[in-house]
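Below you'll find the structure, written out as structure tokens, and then a few comments.
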2 protein chains.
Amino acid sequence: MLTERQLEIVLSVVYEYIQTGEPAGSRTISKKYLRGSSAATIRNEMADLEDMGYFYQPHTSAGRLPTSKAYRLYVDSIMQRDRPAPAETEKWKREIREQRQGIDIMLSYVSQLLGKATNCVGVAALSALEEVEIQRVSFVRLGGSTVLLLIVLEGGLVHNANIQLPCELSQDILDELGRKISAVACGHPWSQVRDALFTYVLDGLERVWDTCREAVVQIDAILNRRSSRLFVGGARHILSLPDFQDIGKFQTVLSLLEQEQALAEMVERYSIKQGVSVAIGDEISEEMMKDCSLVLVPSAGYGRRTILGLIGPLRMDYEKSIAILEAIAGDLDDSLIN
Amino acid sequence: MLTERQLEIVLSVVYEYIQTGEPAGSRTISKKYLRGSSAATIRNEMADLEDMGYFYQPHTSAGRLPTSKAYRLYVDSIMQRDRPAPAETEKWKREIREQRQGIDIMLSYVSQLLGKATNCVGVAALSALEEVEIQRVSFVRLGGSTVLLLIVLEGGLVHNANIQLPCELSQDILDELGRKISAVACGHPWSQVRDALFTYVLDGLERVWDTCREAVVQIDAILNRRSSRLFVGGARHILSLPDFQDIGKFQTVLSLLEQEQALAEMVERYSIKQGVSVAIGDEISEEMMKDCSLVLVPSAGYGRRTILGLIGPLRMDYEKSIAILEAIAGDLDDSLIN
DNA sequence: GTTAGCACTCTCCTTAGATGAGTGCCAACT
DNA sequence: AGTTGGCACTCATCTAAGGAGAGTGCTAAC
């Protein structure tokens, strides 16, 4: 549907705009990218391409700006090519390896690193935690009928929540309860043991069956409610970009960044099983992202539940960003397996 | 050293600037605040006050802007007065009470609430955690010699970190170790039991004494390294303020907000034992805060270790902000004691 | 010590003209 | 039919100039 030349023009306009930040005119494209065709020819093609929805003009006498349809073409063409790993890969790997104090600290660090390296907002998410193996469940009495529920997942990710049980239990009974649940759940993801535990009669705890059942209900609630964890880092970097000099645009993005839940859902929705996925501007259902692109890559770390991502301007340097994202995702794999 | 009238002028200029955001001129002050004196008189006084360091002029023919010295006077005068509790207090209390899932969730919510209510950045910090009573210490084997250390503090605040022990221990021995340490530490703050545990010989664990000792060292390291926890919320709000239309200023603040450690130290440094403390612009040693004020109030919740705060522009509405901050700090006290 | 008056300064807004990048279209060329 | 050069036209951006307005500093009189 697009001729070879038209495709070249679209890619050139996107590339030129990403590089310079200025709308690209027919003359520029003719001189810098398609020496064989004159500006007038390019001009005619560009008018056609505008009709086809690849470009738009901020005003009549300006050059063309790419629409998300054009970015899509550009990104797809990039994805075909091989990307050389960035030179800093080894350095990053070393730095990440130093963050050994725990998954959360490491992912928080990674999100910041991503932000710094790409001048975008870095995101690191753990998703579908109900699919991660459970390491231990325990309960700590806080006072009254309030109990702290601790769920340790494989790799040392800790979930905790204060819950209310229908009656007061002593710490001994709570320990017993924790042991029994752990015995069943340990080594399996919650989704597998969930049903078993709901019907499981806890030997020796028949007296407090109601309360035990409530505890299981609460575990389920927590793993469903907060089945992902999200880290965002380096929002300051995109403020330097010309694209976000408009305060309103940045405010929109910042509002989204402050909604952990919405962000986590978005990340999960647009990531794919394997490899890099890119969602561009109005391809994203979140209205707030209409001036941004979202680049995501799952990393093999943490039972394949880690997703790294970038949120940046439409005209981000996709090639560089994707290369960096892939490199850091690779570093993370190694670190988390350890 | 300041005459009654000079004081009035300083306070009027600050007040006027806070309300309008425009530099205040002698005529305005004369007409709106000091009807008894003519503009010319005010003008003379203002020139003196400028020499004394209370005002400065953005340019010769503009009105006067308050320096931090003037804001200081204004804030001090406000602190004398009674502040009526905001009408929303009850509503906030109810909303906070709904966040029962844990301390972290509650404080995160409170920081966002603070931000929304005041149009500043809300901050909620837990400080000096080595002074909070320990509820339980336990260890979970993650694989190899990597162990997850879990410290539960009074009220359900969880610290966790992956640590490396010099040799591999079975989960049973780790449980034993956790039990023994808990037995000593439970009910006391770390600072009190720290020394005892360092010299304590753990009965029945003599074989692995080195490893046990290392575990204690790690607990100490964690409670020292991360002896505070910080939540920041609502940064988006200050973007609407005219004071932060200048992207550079906002970027400076955002950079600071993204440095949890530095922020936590600052909060601890400028908060006082009891009551509201206000640090204004260059009174704060952090260069990045030179265009901001920091308002802090300790709340009685969580063993008096909770500090709530606001980061906003120099010309924030101190009276309103402080009233809101105090009200929400009060709400929190009740909620955390429960 | 206080006040009115006045000259002066400096920002901000508006207007107008010049500049330049880029387009759309037409006629001529291959 | 596709391509090209030429040309009129549009529109944002830049600059300069003039006027309005706010506010000051200073002086002389009260």
Side-chain angles (χ1 to χ4, degrees), chain A residues 1-10 12-17 19-67 70 242-243 245-246, chain B residues 1-10 12-17 19-67 70 242-243 245-246:
Chain A
M1 55 185 258
L2 282 187
T3 66
E4 181 71 18
R5 189 170 65 192
Q6 285 177 321
L7 182 61
E8 270 186 79
I9 292 175
V10 173
S12 303
V13 169
V14 177
Y15 183 81
E16 176 70 10
Y17 182 55
Q19 296 300 320
T20 66
E22 299 295 321
S26 52
R27 225 178 100 84
T28 315
I29 298 300
S30 160
K31 284 214 297 192
K32 282 175 82 169
Y33 303 98
L34 287 122
R35 311 290 314 248
S37 311
S38 77
T41 311
I42 308 285
R43 206 140 56 223
N44 291 329
E45 295 279 36
M46 281 171 101
D48 291 348
L49 288 166
E50 178 159 357
D51 291 340
M52 295 161 79
Y54 290 98
F55 301 138
Y56 71 97
Q57 290 178 278
H59 54 88
T60 19
S61 74
R64 256 76 175 198
L65 291 175
T67 61
D243 311 53
Q245 292 309 83
D246 174 5
Chain B
M1 57 186 256
L2 282 187
T3 66
E4 181 71 18
R5 189 170 64 190
Q6 285 176 322
L7 182 62
E8 271 186 79
I9 292 175
V10 173
S12 303
V13 169
V14 177
Y15 183 81
E16 176 70 11
Y17 182 56
Q19 296 300 320
T20 66
E22 299 294 323
S26 53
R27 224 178 101 81
T28 315
I29 299 300
S30 160
K31 284 214 297 190
K32 282 174 83 169
Y33 303 98
L34 287 123
R35 311 290 313 250
S37 310
S38 78
T41 310
I42 308 285
R43 206 142 55 225
N44 290 330
E45 295 279 36
M46 280 170 102
D48 291 348
L49 288 165
E50 178 158 356
D51 291 339
M52 296 162 79
Y54 289 98
F55 301 138
Y56 72 96
Q57 291 179 279
H59 53 88
T60 20
S61 74
R64 257 78 177 194
L65 290 174
T67 61
D243 311 45
Q245 291 310 85
D246 174 6

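This is a predicted model, so every value here is computed, not measured. Just so it is clear, the values below take in all heavy atoms, side chains as well, and ignore hydrogens, waters and symmetry mates. Letters go in sequence order (proteins before strands), and every chain restarts at 1.
- Look at A:S61 and you won't find any side-chain N or O under 4.0 angstrom from OP1 or OP2 of D:dA12.
- One interatomic measurement links the two molecules: CZ of B:R35 to C1' of C:dT3, which rounds to 16 Å at whole-angstrom precision.
- Between B:R43 and the phosphate of C:dG5, there is no side-chain N or O to OP1/OP2 separation shorter than 4.0 Å.
- Dashed line: the shortest gap from a side-chain N or O of A:Q57 to OP1 or OP2 of C:dA21 is not under 4.0 Å.
- Comparing D:dG5, D:dC11, C:dA4 by their nearest atom to the side chain of B:A40 picks out C:dA4.
- We find that CD of B:E22 is positioned 20 Å from P of C:dC10, with the value rounded to whole Å.
- Within 6.0 Å of OH on A:Y15 lie no more than 12 heavy atoms contributed by other residues, nucleotides or ligands.
- Atom CZ in A:R5 sits 6.0 Å away from atom OG1 in A:T41 (nearest 0.5 Å).
- Counting only heavy atoms from C-beta on, B:R64 has its side chain closest to D:dG25 among C:dG22, D:dG25, C:dT11.
- For the pair B:R5 and C:dT2, the criterion of a side-chain N or O lying under 4.0 Å from OP1 or OP2 is met.
- Distance B:E50 CD to D:dC26 P: 12 Å, rounded to the nearest Å.
- Counting any heavy atom pair closer than 4.0 Å across all strands shown, B:R27 reaches no nucleic acid atom.
- In this entry the distance linking CG of A:L65 with P of C:dA21 reads 17 Å, nearest Å.
- When rounded to the nearest whole Å, the span between CD1 of A:I29 and P of C:dG22 equals 10 Å.
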Exercise for the section: I would like to know whether A:Y33 and A:E8 meet side chain to side chain contact (heavy atoms under 4.5 Å, CB included); could you show each step before the answer? Expected result: CA-CA 8 Å; A:Y33 303 98; A:E8 270 186 79; over 6 Å; no
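- Taking 4.0 angstrom as the limit, A:S26 places none of its side-chain polar atoms (N or O) nearer than this to OP1 or OP2 of C:dG22.
- In this structure a side-chain-to-backbone donor-acceptor pair under 3.5 Å is missing from A:S12 to A:I29.
- The CE atom of A:M46 sits 16 Å away from the P atom of D:dT3 (whole-angstrom rounding).
- Atom-to-atom, CD1 of B:I9 to P of C:dG1 comes out at 15 Å; the value is rounded to the nearest Å.
- Formation of a donor-acceptor pair under 3.5 Å by the A:E45 side chain with backbone atoms of A:Q6 is not found in this model.
- Here D:dT4 is the nucleotide among D:dT4, C:dG24, C:dG22 with the atom lying nearest to any side-chain atom of A:N44.
- Between the OH atom of A:Y17 and the C1' atom of C:dA21 there is a distance of 16 Å, rounded to whole Å.
- Taking the nucleotide of DNA chain C with the nearest heavy atom to each of B:T60 and B:S38, the more 5' of the two is matched to B:S38.
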